[in-house]
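Below is one structure; the comments refer to it alone.
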Amino acid sequence: MIEVLINADDFGLTKAVNYGILDSHKYGIVNSTTIMMNAKATEHAIEIAKKTPSLKVGIHLVLTWGQPLLSDVPSLVDETGYFKKQGEVYENPDDISLADLEREWSAQIERFLEFGLRPTHFDSHHHVHGIKAFLPVIQNLSEKFQLPMRNAGEHFAGMQTVTDIFFDDFYGDSVVDDYFQNLKGRVTDGTSVEIMTHPAYLDEDLLTVSSYNDKRLKETSILTNSKLPEGFSLRFNINEVKI
């Protein structure tokens, strides 16, 4: 049997995102989501999480979108006080103070805890936790909060990851109706796999904050109408981490 974690990223980004994730869980195959703690609809997402205990909720750590929770993390922001753009972070990771980064990401996790919920794991917006220079921070956070992380690449060997492998290709032009049926042959029996998704409906906020929007509608449709192939099962014991 192959265990599958189908995670919906960007919980909290907008209300339309939140409702798309909720429906993809209630009526579809999404069994996990990760929440952005600095977004406009974060508290709306928290309300949904509290009313939907069957939906596992982790933290979507943010470094490349919106504003930080802390005001004294100068290496993380541009001259406007917003997080640096994705390209700048990836091209110049050494410009990021690891102390600033750990304080900000700790604040994001701690804000989630303040709502009385327990996160299952963490990942990051734009996969920035997979940047090699940031691994000391990732390891510290994993140990401090006792949380597994998304297995975002070879750098994570020997670390606490939520699954054995990770697929990020249910995205863009690869969002196709038979994606999940085509999982057969891609994963070895006895292995666990996480599949990243971005379901949503559309609202004005989403059209303003994300260029990835209409494809989210298609993802929602597929996720609410698909079944896993024989030999695959949804994974619910997320905190049984892979080490």
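Two residues are said to be in side-chain contact when any heavy atoms from C-beta on lie closer than 4.5 Å; Arg111 and Asn38 fail this criterion. Residues Leu217 and Tyr201 meet the side-chain proximity criterion, which asks for heavy atoms closer than 4.5 Å. Side-chain contact between Leu223 and Tyr27 is absent, with no heavy-atom pair separated by less than 4.5 Å.
Lys85 has no carboxylate O lying under 4.0 Å from a charged side-chain N of Asp78, or vice versa, which leaves the two without a salt bridge. Salt-bridge annotation for Lys84 and Asp95: absent, with no side-chain N of the basic residue lying under 4.0 Å from a carboxylate O of the acidic one. A salt bridge is absent between Lys26 and Asp23: the closest approach of a Lys/Arg side-chain nitrogen to an acidic carboxylate oxygen does not fall below 4.0 angstrom. Classification of Asp168 and Arg150 as a salt-bridged pair fails, no side-chain N sitting under 4.0 Å from a carboxylate O.
Annotation for Tyr82: atom OH does not count as buried by contact number, only 12 or fewer foreign heavy atoms lying within 6.0 Å. Within a 6.0 Å sphere centred on OH of Tyr90, heavy atoms belonging to other residues, nucleotides or ligands number more than 12. Within a 6.0 Å radius of CG in Asp173, no more than 12 heavy atoms belonging to other residues, nucleotides or ligands are found. Residue Lys15 places its NZ atom among 12 or fewer non-hydrogen atoms of other residues, nucleotides or ligands, all under 6.0 Å distant.
In terms of heavy atoms, Val77 sits closest to Pro68 at CG1-CG, 3.7 Å.
No donor-acceptor contact under 3.5 angstrom links the side chains of Asn31 and His25, judged on distance only.
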